[in-house]
2 protein chains.
Amino acid sequence: MAETKTKSNPGQSHSKTLKGLQSEVQSINRVALSVDCVIFGFDENKLKVLLIRSDLKKYQNKFSLLGDLVKPEEDLEDSAYRILKQRTGMDDLYLEQVHTFGEVGRHPAGRVVSVAYCSLINVQHHRLKTIDNDLHWHDVDSIKELLFDHKKIFDACYKWLQKRVQEHPLGFSLLPNKFSLRELQNLYEAILNKKLDRRNFRKKFFSMNFLVDMGEEEQNVPHRPGRLYKFDYEKYEKNKKTWSGIDF
Amino acid sequence: MAETKTKSNPGQSHSKTLKGLQSEVQSINRVALSVDCVIFGFDENKLKVLLIRSDLKKYQNKFSLLGDLVKPEEDLEDSAYRILKQRTGMDDLYLEQVHTFGEVGRHPAGRVVSVAYCSLINVQHHRLKTIDNDLHWHDVDSIKELLFDHKKIFDACYKWLQKRVQEHPLGFSLLPNKFSLRELQNLYEAILNKKLDRRNFRKKFFSMNFLVDMGEEEQNVPHRPGRLYKFDYEKYEKNKKTWSGIDF
DNA sequence: ATATTATTGTGTAAAATAAACACATTATTT
DNA sequence: AAATAATGTGTTTATTTTACACAATAATAT
């Protein structure tokens, strides 16, 4: 919040005290604030989203994003990290704020404004410590309806991801540390929902100079194994100025 | 907000009632929510931002963004439009949400989470109905310090604008309805803070097929006058698929 | 009137990037 | 040993971006 002034008193400023503002902030005009996380994963060559069956009896056959109220003494972003930790058992996940949804009627329990965050996780890691029986991965293209306005929130985050992944190297958060170029391409094809040219795809990523050849090969594939690479963040930072895209 | 479940009770769901959630939403965990608007203008070939001298006695020598608390019965976006209307007297301004700032200590009056909006206005129109003596246009490159964390909010919105203007035709909101290509280029140079090649600039905009030649020329310029154009939103919608950029 | 000034309006060539496309190689399976 | 299925690699073409110069025009100064 910034400066408020009564419309009837234009041109007269310095009329408010901090104390007056404090009481305004502490008593009236408050709303419930929540965070909803759209957590993407990548498994079996499909883009997935982590959902939970609604806690609420009335809505128990609907799926929902993972969210919670922001606590009064908690930074907004910390709130999102807390939800991720509670739900996945994982720390240090990729997390970015996408949009805030604040229509009056969006939540049946009253005025709840929700800040949407997008998170990307490595499904393999998550599998080992799945915490909650009601949490499930859903194919993104199977999402037809969600609780409240969560479909709208999901759509916004999915579009955001499709755009963002073409400008920033965030897809690696969805893959194991070591991956083949085929896996990387499958990921991009799943996110963008279109086929890409294999040779041009390889050329493009190699030219960006942030993939490190691990000198290893895929195991247990029923065909010639591909080389394994890892994403090197330092090399990314060093080279990103020289690329063509805005700031991939 | 979405689904909350006590950490101590994993795997057990459908445990909450809507009523229970309602009381949670209505009593505890509430915060003050505000909207802060970064209002850009373009005048004398410079990008400007509309600021107000702080209302608060304690901070009366600091400048501030234009904001207010969100009312309990007001859509978030409507809150932003209300602020714009109050401060500029103008309706139907370009407005887009940019980011939400929710650190615990960001506001001295208590916990205030703020949603930042970016707005673009035609300064010529605004001049005619300036409402408030404490409102002033500031060159964006003169902004060194603002109230609270408003500099951070401003920076985020300015970066957002620089990126957004290269993907969407929103710069026209900053210009008069009729403008010369030189004015348009000056605008882009001011926003991006760099020189552009005049011939390539013209070629690019003409190729996008949304500028309509008004058959008029500039008046009162001390040199050969340029032709005047207007931005045609319908033509933009019709042709935007055919361009090179992501979705300029 | 004339010259001067400042800016408009226009096209092409070179460079960089993106797109299209085929075949030999290598593990695995049969 | 043959069949399978995917890897690894380069070139050609099309498209996009960049760099760059000069004649035309209206206003101003002389």
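For the numbers below, each heavy atom of this structure counts, side chains included, while hydrogens, waters and symmetry mates do not. In what follows, chains carry the letters A, B, and so on, assigned in the order in which the sequence lines appear, proteins first and then strands, with residues in each chain numbered from 1.
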Visitor: Between B:E103 and B:K152, does any side-chain N to carboxylate O distance fall below 4.0 Å?
Guide: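 A salt bridge is present here (some side-chain N lies under 4.0 Å from a carboxylate O).
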Visitor: Rounded to whole Å, how long is the line connecting atom CZ of A:F201 with atom C1' of C:dT17?
Guide: 17 Å
Visitor: Calculate the interatomic distance between B:E216 atom CD and D:dA26 atom P; express it in whole Å.
Guide: 15 Å
Visitor: For residues A:T100 and B:T100, is any side-chain donor paired with an opposing acceptor at under 3.5 Å?
Guide: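 Their side chains do contain a donor-acceptor pair, which is all the 3.5 Å distance test asks for.
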Visitor: In this structure, how many angstroms lie between the C1' atom of D:dG8 and the CG atom of A:D213, rounded?
Guide: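 In whole Å, D:dG8 C1' lies 12 Å from A:D213 CG.
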Visitor: Could you check how far CD of A:Q219 sits from C1' of C:dT26, rounded to whole Å?
Guide: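 Atom CD in A:Q219 sits about 14 Å away from atom C1' in C:dT26.
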Visitor: Could you give the CG-to-P distance, from B:L196 to D:dC20, as a whole number of Å?
Guide: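 In whole Å, D:dC20 P and B:L196 CG are 15 Å from each other.
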Visitor: Can you give me the closest heavy-atom contact between A:A116 and A:I153, atom names plus distance?
Guide: CB-CG2, 3.6 Å
Visitor: Of all heavy-atom pairs between B:D36 and B:R106, which one has the smallest distance, and what is that distance?
Guide: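 Reported closest heavy-atom pair: OD2-NH2, 3.9 Å.
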Visitor: Just to verify, which of A:K195, A:K46, A:K194 counts as forming a salt bridge (charged side-chain N to carboxylate O under 4.0 Å, His left out) with A:E189?
Guide: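 Option passing the salt bridge (charged side-chain N to carboxylate O under 4.0 Å, His left out) with A:E189: A:K195.
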Visitor: Mind listing the N/O atom pairs, protein and nucleotides 8-12 of chain C, below 3.5 Å?
Guide:
{"unit_1": "C:dT8", "atom_1": "O2", "unit_2": "B:R224", "atom_2": "NH1", "d": "2.6"}
{"unit_1": "C:dG9", "atom_1": "OP1", "unit_2": "B:R227", "atom_2": "N", "d": "2.8"}
{"unit_1": "C:dG9", "atom_1": "OP2", "unit_2": "B:R202", "atom_2": "NH1", "d": "3.1"}
{"unit_1": "C:dG9", "atom_1": "OP2", "unit_2": "B:R202", "atom_2": "NH2", "d": "2.8"}
{"unit_1": "C:dG9", "atom_1": "O5'", "unit_2": "B:R202", "atom_2": "NH2", "d": "3.2"}
{"unit_1": "C:dG9", "atom_1": "N7", "unit_2": "B:R198", "atom_2": "NH1", "d": "2.9"}
{"unit_1": "C:dG9", "atom_1": "N7", "unit_2": "B:R198", "atom_2": "NH2", "d": "3.3"}
{"unit_1": "C:dG9", "atom_1": "O6", "unit_2": "B:R198", "atom_2": "NH2", "d": "2.8"}
{"unit_1": "C:dT12", "atom_1": "O4", "unit_2": "B:K203", "atom_2": "NZ", "d": "3.0"}

Visitor: Would you please name every residue forming a side chain to side chain donor-acceptor pair (under 3.5 Å) with B:K159, sequence neighbours left out?
Guide: none
Visitor: Rounded to the nearest angstrom, tell me the gap between atom NZ in B:K195 and atom P in D:dT18.
Guide: 17 Å
